[in-house]
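Within every chain, numbering begins at 1; the chains are lettered A, B, ... in the order of the sequence lines, protein sequences first and strands thereafter.
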Amino acid sequence: MHVTNSPAGHPAPDLSSPLLRGLNPEQLAAVTLPPEPALILAGAGSGKTRVLTTRIAWLLQTGQISPGGVMAVTFTNKAAKEMLTRLTAMLPVNVRGMWIGTFHGLCNRFLRAHWKQAGLPQSFQILDSGDTLSAVKRVIKAKNLDEERFVPKQVAWFIAASKEDGLRPHDVPVHDPQTRTLVEIYQAYEDQCEREGVVDFAELLLRTYEMLRDDPLLREHYRRRFGHVLVDEFQDTNRLQYLWLKMFAGPETAVLAVGDDDQSIYAFRGAQVGNMRDFEREFRVRHLIKLERNYRSHGHILDAANHLISHNARRMGKTLRTEAGAGEPVRVQEHGSDFLEAQWVVEELKALHRAGLPRRETALLYRSNAQSRVLESALFNAGMPYKVYGGLRFFERAEVKHALAYLRLIENCNDDTSYLRVVNFPARGIGARTLEQLADAARQTGRSLWQSVGAVPGRGGASLAAFNALVEGLRHETRGATLREIIEKMLQRSGLLDFYRTEKDGADRIENLEELVNAAEAFVTQEGFGKDAVALPVDELAPGLIAEGFPQAVAAVDLTPDAETGEIVSPLAAFLTHASLEAGDNQAQAGEDAVQMMTVHAAKGLEFDAVFVTGLEDGLFPNEKAMNDADGLEEERRLMYVAITRARQRLYLSFSQTRMLHGQTKYSMKSRFFDELPDGALKWLSPRTQGFGSGFEKPYQQAWQRGSGLGSMVGAGRTAGWQPPAPPSLPPVPKALVDSAAKSAGHGLRVGQAVFHNKFGEGLVITLEGKGPDARAQIQFGRHGAKWLALNIAKLTPID
DNA sequence: GTAGATCATTTTTTT
DNA sequence: AATGATCTAC
């Protein structure tokens, strides 16, 4: 542990505050750091959020800062909300003036306050990824380009990636014709967004960054305002987010970056772990604090995690410790098929539940979403409640998006994306030809679809005009209405309700539309959009600003009031922003006690008493698309590290010899990560012989009945003196394989046979074909994958 | 304009 | 296997 001393000139921190009670020395040091750039390496389960919130509370309480002077950035709405909740629980503070939110949320706030200077319409709309994709599609179509050569998804990805590197179209280096066209699309896309008054997610950040970069006065204002900037999950920041941070944080700013390089699992979407090192260097960080005390997991689990992650070459270096004792060994189980694996999981879950463990305290983790299906059906058949995270989110459902599109048109009729989405939904006889004519007219005049309706002749033109009249009518009728009334009227008049009433499975959709009304209602109450919502006086937060010529700068408070008039943006506009920025929970209804199922990515930041990591097979986890280069494999390893560290008391790791994947049976070897786990922390459960439940219910039952958490299971007998048996060399052969093996006798090999090859190592015979000199075999090798070998050439030694 | 058929696709994902 | 997107036939 290395904590730099406070430099001379900083008074010793006031340590008498009750806020600081119960912090360990490292946490305390982090919370009470002097106002200078600092980096906190916060391991899994080390109390990171607590440090962050306590730090803010302490700064406020000791009068070192006012609420308006704090900025705290997170990645997810959930993290931001949690911070606010904890903070208000610690300190009675008005959070209105505080800038605590996601990168995108804060940018939104900034751009709403400076909409004029940003060159945006006052009620600009935000495109979510789906909207962005359809906008890109329209550009590609308008430019008459081949969608095979310019796949919309990839183009959208290119544009987002460029923006996240801080590059505008003319900044992108062009070396080949393909890129040149991509850049042209990018430019056309930008023009289109500009015309329609919409911005995508990356644009929120990029535009904020550019404004601060190009306007020294504005930059100076914000730098003066935010004495403290705190960044959560720093290892996940991308290039643009880092540049953005450098705009807000000047030489005087106390930036506190909190992150864990070992939990960086988003490189695939642009996260740069290197930002941590850059931060250390560029901000001249003199305070590096490591939080290595883990308050979550028992010893064996941490041993496994530490041992595994030590195989990564590029690390900042950190080892988790616990005082909770060794606890239970990590249970490893092998299965013949994914189906059997799922059955075993269900039986173990039943046993855990019988032992008194709430189902919500158990989690099933997997590498990819496709793996959830088998598990789900096994749980379903067993009648065990479960909850799968990661499906469609509320605001992404088709019917909800349709409804939102109508609302967006009411707010801004030039939003072509929304226009196209609902102009013929429900069907009103407006076909592709009519829309093509409309698009042509719009393109020629450079106007929006809405504005070009007059240019379309005949019946099509009349239908379009009728649609415009419908939206126009809605706008008039709902003027001054409450959000609820607006939405209800829209659902009626648009025909959406009628449409879904006649649909055969429209009942769910109607339910969701009703839920939309509820969400709006909740939003109005929560965000204080009632009649007495008032903008904060302009000079309350940053005195002296007006003199500097930036009256608008400070008005960027929660309710996004207009910078000049102080008038608050309409509830409808605010709700639409909310809908874009926060897609809603992607979980089923809370309440029922259910087993939690999710990908390892989705599990980051969560913890459970018992965790199952399933499908630990080479090719799946580590994923074959990532395991061929060192960086990819290291990220997979970090992912595994995240999976392991989710568990408090009990961890199961399982893998299967066969798995249905893309409609075919895939044969795999156990994950190479098993070789990187310490034998002493593992217990290999032998298949089938011990039966289900493993007889471990007792200590669990006692622990939970005592109502105690960590510590109560320490040294619970089972692990003392326990010796790891040698892992079974190769698994028993599935029955189907044994049956087919009889036919292929002759060369001494059979399907399912384990063999050894001098170059490829151990493998499993998957297929046998041909006879005599033509005989060949497909063999699944561990890290070399499946190979076809000619049996008269290849030297294979059967393994017993 | 819609229903049904065919075809490609299939790591991870927040805002 | 299952999903989504595009194409074809009415």
Side-chain angles (χ1 to χ4, degrees), chain A residues 73-80 101-108 126-134 137 147-148 151-153 157 160 163-164 199-206 208 232-233 236-238 240-241 244 264-271 338 365-374 376-377 389-393 395-396 398 424-435 460 463 504 577-586 598-605 615 619-627 632 635-636 638-640 642-643 659-666:
Chain A
V73 211
T74 65
F75 274 85
T76 64
N77 291 301
K78 202 173 147 202
T102 62
F103 279 101
H104 296 85
L106 296 183
C107 287
N108 174 57
I126 299 165
L127 303 181
D128 67 19
S129 25
D131 300 329
T132 304
L133 187 63
S134 49
K137 274 187 191 159
E147 287 204 4
E148 305 264 286
V151 185
K153 255 204 192 120
W157 183 85
K163 289 189 182 187
E164 279 163 8
V199 297
D200 61 30
F201 286 138
E203 185 69 28
L204 288 169
L205 274 147
L206 182 53
T208 303
D232 192 17
E233 304 277 16
D236 286 337
T237 50
N238 63 34
L240 179 56
Q241 284 157 340
W244 181 98
S264 159
I265 55 174
Y266 286 111
F268 72 93
R269 66 172 194 216
D338 51 348
L365 308 185
Y366 33 82
R367 174 65 238 265
S368 69
N369 283 307
Q371 291 166 249
S372 73
R373 184 157 252 106
V374 216
E376 265 186 88
S377 76
Y389 290 72
L392 256 197
R393 329 254 292 286
F395 286 116
E396 287 167 356
N424 195 38
F425 192 92
R428 19 179 103 80
I430 298 170
R433 268 253 313 286
T434 304
L435 288 179
S463 308
K504 50 186 185 306
T577 299
H578 168 79
S580 305
L581 245 32
E582 197 166 343
D585 275 349
N586 51 10
M598 65 198 85
T599 63
V600 181
H601 280 93
K604 194 172 127 187
L620 241 196
F621 199 173
N623 191 275
E624 62 184 341
K625 281 176 179 128
M627 66 188 196
E635 179 144 324
E636 294 290 304
R638 291 192 293 266
L639 197 52
M640 180 73 185
V642 168
R659 181 172 297 277
M660 283 299 280
L661 216 59
H662 317 321
Q664 281 185 323
T665 306
K666 186 180 155 66

Between [atom2] on [N] and [atom1] on [X], what's the gap in Å once rounded to a whole number?
| X | N | atom1 | atom2 | answer |
| --- | --- | --- | --- | --- |
| A:K604 | B:dT13 | NZ | C1' | 11 Å |
| A:L392 | B:dT13 | CG | C1' | 14 Å |
| A:Y389 | B:dT14 | OH | P | 13 Å |
| A:L620 | B:dT12 | CG | P | 11 Å |
| A:Q371 | C:dA2 | CD | P | 16 Å |
| A:E376 | C:dA1 | CD | P | 17 Å |
| A:K666 | C:dA1 | NZ | C1' | 16 Å |
| A:L365 | B:dT13 | CG | P | 12 Å |

Does [X] reach a base, just sugar-phosphate, or nothing at all? Heavy atoms under 4.0 Å.
| X | result |
| --- | --- |
| A:N369 | sugar-phosphate |
| A:F75 | sugar-phosphate |
| A:S580 | nothing |
| A:Y266 | sugar-phosphate |

Go through the structure and list residues passing side chain to side chain donor-acceptor pair (under 3.5 Å) with A:D128, not counting sequence neighbours.
A:K401
State which residues pass side chain to side chain donor-acceptor pair (under 3.5 Å) with A:S368; sequence neighbours excluded, sorted by chain then number.
A:Q371
Taking only N and O in the side chain of A:T599, is any of them less than 4.0 Å away from OP1 or OP2 of B:dT13?
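Looking at the OP1 and OP2 atoms of B:dT13, one of them is under 4.0 Å from a side-chain N or O of A:T599.
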Would you say A:R393 reaches B:dT14's phosphate, i.e. side-chain N/O to OP1/OP2 under 4.0 Å?
yes
With sequence neighbours left out, write down each residue that passes ring-ring contact (aromatic ring centres under 6.0 Å, His included) with A:F75, or none if nothing qualifies.
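Once residues adjacent in sequence are excluded, the partners of A:F75 under the ring-ring contact (aromatic ring centres under 6.0 Å, His included) criterion are A:F103.
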Would you give the length of the straight line joining atom CH2 of A:W244 to atom CG of A:N238, rounded to the nearest 0.5 angstrom?
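One finds 11.5 Å between CH2 of A:W244 and CG of A:N238.
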Position toward the 5' end of DNA chain B (nearest nucleotide), A:I265 or A:E396:
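Per heavy-atom nearest nucleotide, the more 5' residue is A:I265.
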For residues [X] and [Y], determine if any side-chain heavy atom of one lies less than 4.5 Å from a side-chain heavy atom of the other.
| X | Y | result |
| --- | --- | --- |
| A:L581 | A:N77 | no |
| A:E582 | A:T102 | no |
| A:M660 | A:T665 | yes |

Using a strict threshold of under 4.0 Å (side-chain N to carboxylate O), is an ion pair present between A:E164 and A:R269?
no
Is the base of B:dT12 stacked against the aromatic ring of A:F268, taking ring centres under 5.5 Å apart and planes under 30° as the test?
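By the stated criterion, A:F268 and B:dT12 stack.
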Report the nucleotide, chosen from B:dT14, B:dT11, B:dT15, that has the shortest atom-to-atom distance to any side-chain atom of A:L581.
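Nearest to the side-chain atoms of A:L581, counting from C-beta on, is B:dT15.
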Distance-only, no hydrogens or angles: does the A:S580 side chain make a donor-acceptor pair with backbone N or O of A:I126 under 3.5 Å?
yes
Taking only residues two or more places apart in sequence or in another chain, which ones pass salt bridge (Lys or Arg N to Asp or Glu O under 4.0 Å) with A:E233?
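Result, salt bridge (Lys or Arg N to Asp or Glu O under 4.0 Å) vs A:E233: A:K48, A:K604.
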Is there any protein nitrogen or oxygen under 3.5 Å from a nitrogen or oxygen in nucleotides 3-10 of chain C, and what are the pairs?
| from | atom 1 | to | atom 2 | distance (Å) |
| --- | --- | --- | --- | --- |
| C:dT3 | OP1 | A:R373 | NH2 | 3.3 |

All N/O contacts under 3.5 Å from nucleotides 1-9 of chain B to the protein, with atom names and distances to one decimal?
| from | atom 1 | to | atom 2 | distance (Å) |
| --- | --- | --- | --- | --- |
| B:dG1 | OP1 | A:G431 | N | 2.9 |

For nucleotides B:dT11 and C:dT6, find the distance between their C1' atoms and express it as a whole number of Å.
25 Å
